[in-house]
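The next block holds one structure in the form of structure tokens; read it before the comments.
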Amino acid sequence: MKLWEKGINPEPAIIEFTAGKDRKTDLHLTKWDIVGSMAHVIMLNDVGLILEEERNDMLKALHSLFVWDEEGSLVIEKDVEDIHSQIEKEMASILGTTGKKIHTGRSRNDQVLVDIRLYTREEIDKLADLINSLFTRLQSLSDQYKDVLLPGYTHMQPAMVSSFGLWFGAYAECLSDDLLLLSTARALNNKNPLGTAAGFGTTLPLNRKLTSELLEFDDLLYNSAYASLSRGKVEMAIASALASVAQTLSRFSMDICLYMTAEFRFIDFPDEYITGSSIMPQKRNPDVFELIRGRSNVIQTLPNEIAMLTSNLPSGYNRDLQLLKQVVFDSFDEMKECIEIMLLMLNNIKVKKNIAENPLYNTIFSTEEVNRLVKQGIPFRDAYKAVSEMVKGSSFSRTSVNDYVHEGSIGNLCNEEIAAIFNERMKFFKNKSAAEMAEKMMGYVK
Ligand code: ARG
């Protein structure tokens with residue numbers, strides 16, 4: 001069944017090619033397509049386009065489709081193009097003429113826009129929860145190991161004294177900024193495109209504010225033509241936020257791979273969490289972090305992929321846009337899997353305690369020694385010279401590191417301040433699930 005069938009028999013190869021992977025990809029959207037349709041029929045009754053009885057019948061039918069979907073028995077049939085067509089077909093078969101009224105005043109173009117926005121809103125919130133767990137774990141490791149020193153590197157050369165507290169805490173604060181980007185993408189996403197129809201509005205007197213409230217959007221996407229232009233644009237904002245999180249995961253994974261090498265041995269994991277080699281009996285490999293690094297790096301290509309997909313597209317709906325769904329949905333899944341496995345690993349990380357006692361790292365204390373002389377009144381440049389002579393002549397040995405007091409240094413990590421900012425940012429991620437929304441809509445029938 002093609003919704004746009006007009007007595008011509010479509011060539012099957014054309015249908016297959018144009019449906020592409022949608023029969024599978026669109027299953028991500030099913031429950032949101034139903035919830036969006038519920039809001040739409042409530043609104044159609046509110047503006048007098050359908051009767052109250054028709055609204056109630058349609059809500060009940062949509063609710064039963066929701067239940068089928070939860071049971072896994074709602075599928076997109078072979079001769080149906082996408083989830084929107086499938087739901088419309090089901091509505092017609094349950095309710096006959098009344099069911100067919102579901103498409104009054106809408107197009108699949110605004111339907112897919114609203115479905116994607118509702119789905120990605122939920123995915124963003126799930127991702128924020130995972131980022132919250134990772135942030136919390138990193139901060140607790142930072143607190144736990146705040147006194148365990150670590151050489152800090154610049155140019156990959158031992159540079160200054162750092163600590164596990166500073167290192168873990170750095171990635172926590174990194175995630176806090178990633179979360180700010182994600183909340184911005186969420187704010188751009190949380191606007192209602194429903195009612196813009198094919199991209200040019202409709203002569204039917206829709207109440208777009210009502211569907212916005214019902215679907216708990218912050219506001220409307222006002223201009224109908226902008227609503228269709230926004231497809232690709234909002235995905236780009238989301239992709240940039242995902243890429244930012246991915247960059248954090250990737251760089252952290254790189255540090256872990258490096259710190260696990262035989263040369264560094266700063267950290268380790270129990271044998272059950274690392275991998276071996278089929279030929280070299282001694283191998284203890286950090287495959288998990290290599291795969292997080294690789295997969296996160298692929299996620300970082302997403303903004304580029306979206307730019308390529310949407311560059312030079314004219315305004316209005318273009319079928320190219322269909323291809324955005326899969327790449328964006330996959331990236332959410334990839335990212336969630338990476339964070340989940342990273343959490344498992346971080347729950348088992350082992351930290352080496354006496355790294356800084358290795359004479360190899362003696363010179364990382366040289367800047368502290370310069371500062372000690374500076375505090376005695378010696379001009380910085382003279383102190384620097386004196387200490388560099390000591391370092392050259394190998395007569396240098398470590399000094400104390402008790403003087404780090406300023407904000408963000410190893411002696412004053414400010415983890416509480418960072419957590420306060422993070423928790424403030426977490427407040428933006430808080431919408432209802434599709435099931436809760438569907439229940440709310442069913443309140444109209446009672
Ligand atoms: N599968 C389509 C998509 O994701 C749905 C919209 C179809 N609209 C159209 N005019 N062919 O873009």
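When a residue number appears, it is its place in the shown sequence, counting from 1. Note that ligands are numbered from 1 as they come in the structure, with each ligand's atoms numbered from 1 the same way.
- Considering backbone and side-chain atoms alike, His84 places every N or O at 3.5 Å or more from each N or O of ligand 1.
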Given ring pair (Phe, Tyr, Trp, His ring centres under 6.0 Å), test Tyr153 with Phe264 step by step and report yes or no. CA-CA 12 Å; Tyr153 288 77; Phe264 281 73; 5.6 Å; yes
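- Between the side chain of Thr120 and the backbone N or O of Ile116, at least one donor-acceptor pair lies under 3.5 Å.
- The option from Ile83, Asp22, Leu113 that lies nearest to atom 1 (N) of ligand 1, judged by heavy atoms, is Asp22.
- Every heavy atom of Leu321 sits 4.0 Å or more from the atoms of ligand 1.
- Screening Glu81, His84, His103 for a side-chain hydrogen bond (donor to acceptor under 3.5 Å, both in side chains) with Arg108, the sole residue that qualifies is Glu81.
- Residue contacts with ligand 1: Arg231 is placed with a nitrogen or oxygen under 3.5 Å of a nitrogen or oxygen of the ligand (distance criterion only).
- For ligand 1 and Val112, the ligand atoms under 4.0 Å from any heavy atom of the residue are 4 (O).
- Ranking the protein heavy atoms by distance from atom 12 (O) of ligand 1 puts Tyr317 OH, 2.5 Å first.
- Residue Lys325 touches ligand 1 through its side chain alone, judged by heavy-atom distances below 4.0 Å.
- Phe269 has its ring centre less than 6.0 Å from the ring centre of Phe289.
- Between the side chain of Gln111 and the backbone N or O of Arg106, no donor-acceptor pair lies under 3.5 Å.
- Proximity of Glu173 to Glu417: side-chain heavy atoms (C-beta onward) are nowhere separated by under 4.5 Å.
- In this structure, Arg121 is positioned above the aromatic face of Phe217, its NZ or CZ under 6.0 Å from the six-membered ring centre and within 45° of the axis.
- When heavy-atom distances to ligand 1 are checked against a 4.0 Å cut-off, Asn109 comes that close only through its side chain, counted from C-beta outward.
- Counting atoms of ligand 1 from 1 in the listed order, those under 4.0 Å from a heavy atom of Asp82 are 1 (N), 5 (C).
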